[in-house]
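Worksheet: one structure, shown below.
Quantities reported herein were computed from a predicted structural model and do not represent experimental measurements.
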Amino acid sequence: MHEVEQAALVLLKLTDIQPFDRDNGKTLRLFSNFFLVKGGYPPAVIRSELAERYSMALQKALCYQTGPLVELLTESVAFSLGYCLGEPPSPPLFVVLD
């Protein structure tokens, strides 16, 4: 099984059981990224603009439709890799005004 699929399934299973009293989301995303990093990939960082899509993908995955979650994680890994390689546009330079 591909590392992205492993990460998606770990995230799904842990989300289903909610093992902690609080901060499950952050902790579970961290745990699921273990499989990506172990396989030589960067972590899948879910950007804030994808929060609604992420929530919907998790809901679908809980109903055994894992495709959207795997796709979202794949896109997030690709974005992270691009970011590490300097591909996204850099933030504007800090300019001190007189």
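When all heavy atoms of A61 and L69 are compared, the pair lying nearest together is CB-CD2, 4.0 Å.
Following chains of ILVMFWY side-chain contacts shorter than 4.5 Å, one can reach F34 starting from I46, so the two form part of one hydrophobic cluster. A single hydrophobic cluster is not seen to contain both V70 and L12; linkage of ILVMFWY side chains at heavy-atom distances under 4.5 Å, directly or through other members, places them apart. Grouping the Ile, Leu, Val, Met, Phe, Trp and Tyr side chains by contacts below 4.5 angstrom, directly or via other members, places L73 apart from F79. Neither M1 nor F31 shares a network with the other; the hydrophobic side chains, linked directly or stepwise wherever heavy atoms of I, L, V, M, F, W or Y lie under 4.5 Å apart, form separate groups for each.
By the 4.5 Å side-chain criterion applied to Ile, Leu, Val, Met, Phe, Trp and Tyr, M56 is assigned to no cluster and stands alone. Think of V37 as one node in a network of Ile, Leu, Val, Met, Phe, Trp and Tyr side chains linked at under 4.5 Å; it has no links at all.
Listed by first and then second residue, the side-chain hydrogen bond (donor to acceptor under 3.5 Å, both in side chains) pairs involving residues 64-79 are R53-E75 (not counting sequence neighbours). Under the salt bridge (Lys or Arg N to Asp or Glu O under 4.0 Å) criterion, no residue pair touches residues 7-17, with sequence neighbours excluded. Contacts classified as salt bridge (Lys or Arg N to Asp or Glu O under 4.0 Å) and involving residues 38-50 (residues at least two apart or in different chains) are given here: R47-E49.
No donor-acceptor distance shorter than 3.5 angstrom exists from the side chain of S80 to the backbone of A44, with no hydrogens or angles considered.
Judged as a side chain to side chain contact (heavy atoms under 4.5 Å, CB included), and not counting sequence neighbours, the contacts of D23 are K26, T27. Evaluation of the side chain to side chain contact (heavy atoms under 4.5 Å, CB included) rule for N24 yields Q18, P19, F20, L28 as partners, not counting sequence neighbours. For Y41, the side chain to side chain contact (heavy atoms under 4.5 Å, CB included) partners two or more places apart in sequence, or in a different chain, are H2, E3, L36, V77. Applying the ring-ring contact (aromatic ring centres under 6.0 Å, His included) rule to Y54 yields no partners; only residues at least two apart in sequence or on another chain are considered.
The structure places CZ of F35 at 9.5 Å from CG of L9, a figure rounded to the nearest 0.5 Å. Rounding to the nearest 0.5 angstrom, the gap separating the CG atom in L11 from the CG atom in N33 is 8.5 Å.
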